[in-house]
Structures are given as C-alpha cells and as structure tokens.
There are 2 protein chains.
Amino acid sequence: MDAVVEQIRALIADAGLKVGDNLPTERELCTQFNASRNTVREAMRIVKAYGLVDVRPKVGATITDNRLSRAFELFSFNTMEVSRKTFSDVQAFRDLLEVGSADRLLDRLTDRDIEDLYGINNRLAEISDIQEASEVDYDFHTRLISILGNDAIMDVYKVMKPVVLRIMQKGKTRRSYKTETYSEHAGVIDALAARDRLAFQYRLRSHLMIGFRNFSEEMEAVGLTKASA
Amino acid sequence: MDAVVEQIRALIADAGLKVGDNLPTERELCTQFNASRNTVREAMRIVKAYGLVDVRPKVGATITDNRLSRAFELFSFNTMEVSRKTFSDVQAFRDLLEVGSADRLLDRLTDRDIEDLYGINNRLAEISDIQEASEVDYDFHTRLISILGNDAIMDVYKVMKPVVLRIMQKGKTRRSYKTETYSEHAGVIDALAARDRLAFQYRLRSHLMIGFRNFSEEMEAVGLTKASA
DNA sequence: CACCCTATTTGTTGGACCAGAATCCCTAGT
DNA sequence: ACTAGGGATTCTGGTCCAACAAATAGGGTG
C-alpha cells in the first residue's frame, strides 16, 4: 500500500505533472501498479490527504497544491484547550490580519465585495439565535479577509474559526447583535465603500476591541480560565 | 466517507482517548458507523495520514500525535515543487505578520531581544551551506516574531516553516547571504535598537521583497509561471 | 440553443481470503 | 504439583474481487 503511494508520487514526479493536470483513472492505475482498486483508492486517499490531488467523480484526480492548507488543518485537530491567553492571542492575530491588511484590502476591493458584505450583514437582522448570529459574524469577517485573495491567510482564519466563534458568542451575550454588531459592521463597510482607510481601520479595530472586552469581562465574571475541548 | 472521518475524530474526542489508547477494530467501527469496511479503512488511512493514529496489524489503531512532523513531511516530498501561488501567498503573509506588527513589536521590545537577534545574525558569517544559512535566516525571523509573545502567530509561523525555508533557499542561490542577507538583517536590528519604526518597516519589507524577487526570477527562468487553482 | 441521455468514473457495499501477531492451551520437564 | 516451552487457535489488519449507486462530462436531439 505504501508502495502504491510511492508509485503515485513517482508518477507525478516522473511525468512532470503540473497543477491542473489529471492522473490516470483508478482502474488504469490498478493495472499499472498491479494492485486492486481498493488498494489504489486507499493510496489515493492518502495522496489527497497530503493535498497533492483533488479527486472528483467522473473527472478523476487532478493535481493541486493544497499542502499548506493541510498543514494548517492539522492544527485544527488540536486538543483545543482554549485558555484565556489563547483567546487574547487569537484576537490580537485577528486585529493584525484584518486591520493590518487595510492597504492591500482597499487595493483589491471591488463593488461585488461591498455588496456581499452588506448582504451578509443584513442577515443579522433576521436572526434570533446567538449561535447563528456568531456564524454570520464569522462569515462577515471571513468575507472581508477573502478580498485579499490570499489562500494562506484564509486557511489560517478558517483554522481559528472555533476559537473566533467562542469569542463572538461570549461577546454577544452582553449586548444586542441586532443593533450593535450590525451597526458596527455597517460602519466598517461604509468606510470601505468610501475608500476611507483610516475610518475603516478605526471602526474595525473598535469593533474587535468591543467584542473582546465584553468577552473578557464575561470570563472574569464566571471565572472561566479554561474551556472545553 | 468524509462523514466517517469526522465520526472517527468525534469518537476520539468524545471518548477522551489519550495517546496510547486503542480505537475499536475496523469491523466494530463498521457496525458503529453503518459503513462498509472498505469505507472505514479509507477513512482510517486519512486519520492515519493526519498523524492522529498509528495502525498496526493485529493490534489496531493506536492514538498518537505526529501532526507537527506530518506537517513538515508534506513538503519534504520532492514529488512537486511548491506552487508559485503558495509562495506568493506565504510571502505576503509574512509581510503582514512581520512588518504589520511593528507597533506592538516596538512596544514589547527588550534589550535582550536585540542581543539575541544580533547573535543569530552573526551566525550567518560562519556558514558555508545554503541549507544551513536558510535555517539561520528562519531563526532570525522567528525570533523577531517571538517578541510579540503571541502563541497563535508563532504556531502559524512554525507551520509555514517548510515553505519559508524553500523561499529562502531559492532566494539565496543568486546572491551572497554572507554579505547581503547579513547586512539586511543588521539594518533591521539597528532600526529596532533605535526604536525607529519607519526604518524598521522599510528595511524589513525591502528584505522580504528582495528575497522573493530573486526567487520569482528563478522560477520564471525555469518556466514555472503557472499558479494553482 | 436548451434539454436530455448515455457512458464513464468515482463512491460504497458485502464478501472472501491471507499473513502475521497475540493469546491460549497443552505438554513435558523439574 | 508447578512452571516453562512450544504449538494451535483466534483475532486483526491487508488485499482482492465483483457488483451496484451516484455523480457528471460530453454528446446527441429536438
């Protein structure tokens, strides 16, 4: 089996396959490697897990390079012992990612982005569940990051999702997301639409700080220095 | 199938299995998940590829934690060069992390940090191997990041290490790290020591750009202009 | 041009057998 | 009677096979 994995790797290397090219079909690989389809499939799953190929029905295995994504995903399996320091580190990280990338963000910003952001934010008005509201909040920030077009940053943001969601949920227990979170987001988008970098950074940073401050007080009040897995 | 992977992960988490414990046998998991053995096996290969379990004949799947080493293995595969988009995304990410955090960096900077950075950089002078020089280069930037005291950022930087090393190696093939890399680093540290934020940002950004530009030319020379999907 | 149909390919199932490691049990020696 | 050794048994992952389900790309038809 490991031999088949090695053969697939060798095939990719020897054939000089580039991103976008396709591997032979599973059944072809069976005859080529003198192995059963199950064995070839198991090997292919490994190669896929390594982020080297993307396999779709009817189309086969296409060469990709998602290795960095996989590497980050490995950390999402983390035991997730969410300490207070983890929260504060993640929040500082978010500030760096979202506020710090303002220049490039404005460079790449399109009208479509602004529409989408308004659309996502409007979903907040029709929600009555904190859990769901946090998801929307997360979607908003993810969509913001996506403007950068940087897969590495997106992957990292996705990995942090569980922690970010917890921060958001805690932050929303003490205030109304329908008014405060909504208007804060709207202010951020308005600044974007006006291409006002300073306003964007100020409002976004304030938004991040407010949520986290509420969350911090919450933690101290309940005495939660550690959370679940 | 992906569902089975998720079920296995959930099983590990919910049962509170620790390293050294064993999962149920494949056949047991079949009945438990209502899936065929082949499907369970494919899922198990993925979990194994993620470094979460170590599976041996007759003994079953034992919980382990090889995730970090797996993350590095992803890139030690010589089957494929890291894609250009991955490189450029990572480099942009580094710029954001290192240059963008200048404010907080200067806030937390201590004399000890500066000493350490000079010390690391001085190691460059006694090195004749590009591989080793890249390690020192990486150590320098890691030490810089460490000033932030942010574990989340440090973890991300560590995961990117293989890619960053490749960028550095490529960048060093065309110039002398003993003179150029060394003096660029020294300039960055000097700016830090003088608490000159603008100089720090300018020099660090230039340093990052130079390495990447050299690398880009290298790739184009070989004809690798294609990006990932 | 839009719609549908078919052939191809991956996804999943159930079964079978093999090799080897762990375990149990029987035997022989003390 | 007790223990150590060795062999038989059993259990488990590893591989293979044949068939069907589901998805979909690509062609054919109106």
Exercise for the section: Can you sort out the partners of A:Glu28 under side-chain hydrogen bond (donor to acceptor under 3.5 Å, both in side chains), two or more places apart, ordered by chain and number? Expected result: A:Thr25
Problem - Non-hydrogen atoms of B:Thr62 and B:Gly20 that approach each other most closely - result: CG2-O, 3.5 Å
Exercise for the section: In whole angstrom, give the distance that lies between atom CG of A:Asp54 and atom P of D:dT24. Expected result: 12 Å
Exercise for the section: Using the test ring-ring contact (aromatic ring centres under 6.0 Å, His included), find all partners of B:Phe93 that sit at least two apart in sequence or belong to another chain. Expected result: none
Handout entry: Backbone N/O of A:Ala199 and side chain of A:Asp196: donor-acceptor pair under 3.5 Å
Key = yes
What does the list of N/O pairs under 3.5 Å between the protein and nucleotides 2-9 of chain C look like, with a distance for each?
{"residue": "C:dT8", "atom": "O4'", "partner": "A:Lys58", "partner atom": "NZ", "Å": "3.4"}
{"residue": "C:dT8", "atom": "O2", "partner": "A:Lys58", "partner atom": "NZ", "Å": "3.3"}

Practice task
Check whether more than 12 heavy atoms from other residues, nucleotides or ligands sit under 6.0 Å from atom CZ of A:Arg195, and answer yes or no.
Solution key: yes
Exercise for the section: Would you please say whether a donor-acceptor pair under 3.5 Å links the side chains of A:Arg203 and A:Ser206? Expected result: no
Practice task
Sequence neighbours left out, what passes ring-ring contact (aromatic ring centres under 6.0 Å, His included) with B:Tyr138? Give chain and number order.
Solution key: B:Tyr157
Handout entry: Between D:dG13 (C1') and B:Lys48 (NZ): distance, integer Å
Key = 11 Å
Fill in the blank from the handout: Sorted by number, residues from residues 34-47 of chain B placing a heavy atom under 4.0 Å from DNA chain C are B:Asn34, B:Ala35, B:Ser36, B:Arg37, B:Asn38, B:Thr39
Fill in the blank from the handout: Across all chains, not counting sequence neighbours, the side-chain hydrogen bond (donor to acceptor under 3.5 Å, both in side chains) partners of A:Glu6 are A:Arg9
